[in-house]
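Written out below as structure tokens is the structure these notes cover.
Sequence lines set the chain letters: A, B, ... in the order given, protein chains first and strands last, and positions in each chain run from 1.
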Amino acid sequence: MRIATWNVNSIRSRIDRVVGVLERHDLDVLLLQETKCRDDQFPSMPIDALGYQIAHHGLNQWNGVAIISRVGLDEVQVGFPDIPTYGDPAVSEARAIGATCAGVRVWSLYVPNGREVGHEHYAYKLDWLAKLRDAASGWLAQDKDAQVILAGDWNIAPTDEDVWDPAFFEGKTHVTPPERAAFEAIVDAGYADLVRPYTPGPGVYTYWDYTQLRFPKKQGMRIDFALGTPAVQARVTDAFIDREERKGKGASDHAPVVVTLD
DNA sequence: ATGGTGGTTAGACCA
């Protein structure tokens, strides 16, 4: 089984690239973030035509997560237990969707950005990650052999090696100790990074800002991850980051991250 | 090359 996660930055503007990624990598499952549309706006036809099923959760022009699968798409779940809302009045955001695909419980996750350290959105990010940890920890406690994948745009660079210049990011979100601790807490709950062992750094990234020629200058961040329970980790035979997809006109600012299971 | 990113959208907001 081959599964990928990708922050697509609008499914409507990149549907042709999505089809290309599905075909090029012979994907069984593709987890998308930032689809940026409502369910009724999702361009499903080209994906249906390839024999895939789609589960999408999109409420408006922001966020939006989807699971695309050709190996089954069962027990679709929008959000995880106790997923936080944002703001006052409280707003539910489309940042998590789960489903079972060929016996693997997969989650497409779009972790809140945080905006600025100290911003209300930053507190939301940390709370969101803590609630995700609680939920994910519970799933593994229920069944230590559970096959669960938590994948998506985490908006966290877990180590200094995961950003092109640590000094540039000093005092900014994505690299602060509380964010890194929130990520490590999920690893400590039993969810290992499935990709890093196959793509060691430094200089290995999944995201490059559109501005300032960050991609050609190789100035990126590793912020997209696929984490898995021990039962999943034991099945991984390969993983890579599809840098080629970041090239050319009309690319997303994120690259797909691909994992192969036996 | 006096603009410089790109998405959603129609003046901003978000990343």
Quiz item: CG of A:D209 versus P of B:dC14: gap in Å, rounded?
Solution: 17 Å
Practice problem: Let me know the distance between CG of A:N60 and P of B:dA15, rounded to the nearest Å. | Solution: 11 Å
Quiz item: Over how many whole Å does the gap from A:W208 atom CH2 to B:dT5 atom C1' extend?
Solution: 16 Å
Quiz item: Just by distance, with hydrogens left out, do A:D162 and A:T159 show a side-chain donor and acceptor under 3.5 Å apart?
Solution: yes
Quiz item: Within the distance-only criterion (no hydrogens, no angle test), does the side chain of A:R17 pair as donor or acceptor with the backbone N or O of A:E245 below 3.5 angstrom?
Solution: yes
Quiz item: Picking from A:N7, A:T5, A:N9, what satisfies side-chain hydrogen bond (donor to acceptor under 3.5 Å, both in side chains) with A:D153?
Solution: A:N7
Self-check item: Closest-nucleotide 5' rank along DNA chain B - winner of A:W62 and A:A251
Solution: A:A251
Self-check item: Phosphate-side-chain proximity, A:R115 and B:dC14, N/O vs OP1/OP2 below 4.0 Å
Solution: yes
Practice problem: Under 4.0 Å between any heavy atoms, over every strand shown, what does A:R14 touch: base, sugar-phosphate, or nothing? Just pick one. | Solution: sugar-phosphate
Quiz item: Over how many whole Å does the gap from A:I15 atom CD1 to B:dT8 atom P extend?
Solution: 13 Å
Exercise. Flag yes if more than 12 heavy atoms outside A:K144 fall under 6.0 Å of its NZ atom; otherwise flag no.
Key: no
Quiz item: Between A:D28 and A:R2, is there a salt bridge with N-O shorter than 4.0 Å?
Solution: no
Practice problem: Starting at atom CG of A:N7, determine the distance to atom C1' of B:dC14, rounded to an integer number of angstrom. | Solution: 12 Å
Practice problem: Take the protein atom NE2 of A:H121 and the nucleotide atom C1' of B:dA15, then report the distance between them rounded to whole Å. | Solution: 10 Å
Quiz item: Given that A:T211 and A:N155 both sit by DNA chain B, which one's nearest nucleotide is further toward the 5' end?
Solution: A:T211
Practice problem: Name the pairing partner of B:dG4, where a pair is Watson-Crick or G-U wobble with both distances under 3.5 Å, or state none. | Solution: none
Quiz item: With a non-hydrogen cut-off below 4.0 angstrom, is A:Y110 in contact with a base, only sugar-phosphate, or nothing?
Solution: sugar-phosphate
Quiz item: For the side chain of A:R12, counting heavy atoms from C-beta on, which of B:dT8, B:dA15, B:dG6 is nearest?
Solution: B:dT8
Practice problem: Grab the CD-P distance between A:Q219 and B:dT5 for me, whole Å please. | Solution: 14 Å
Self-check item: Atom-pair distance (CD on A:E93; C1' on B:dC13), nearest Å
Solution: 13 Å
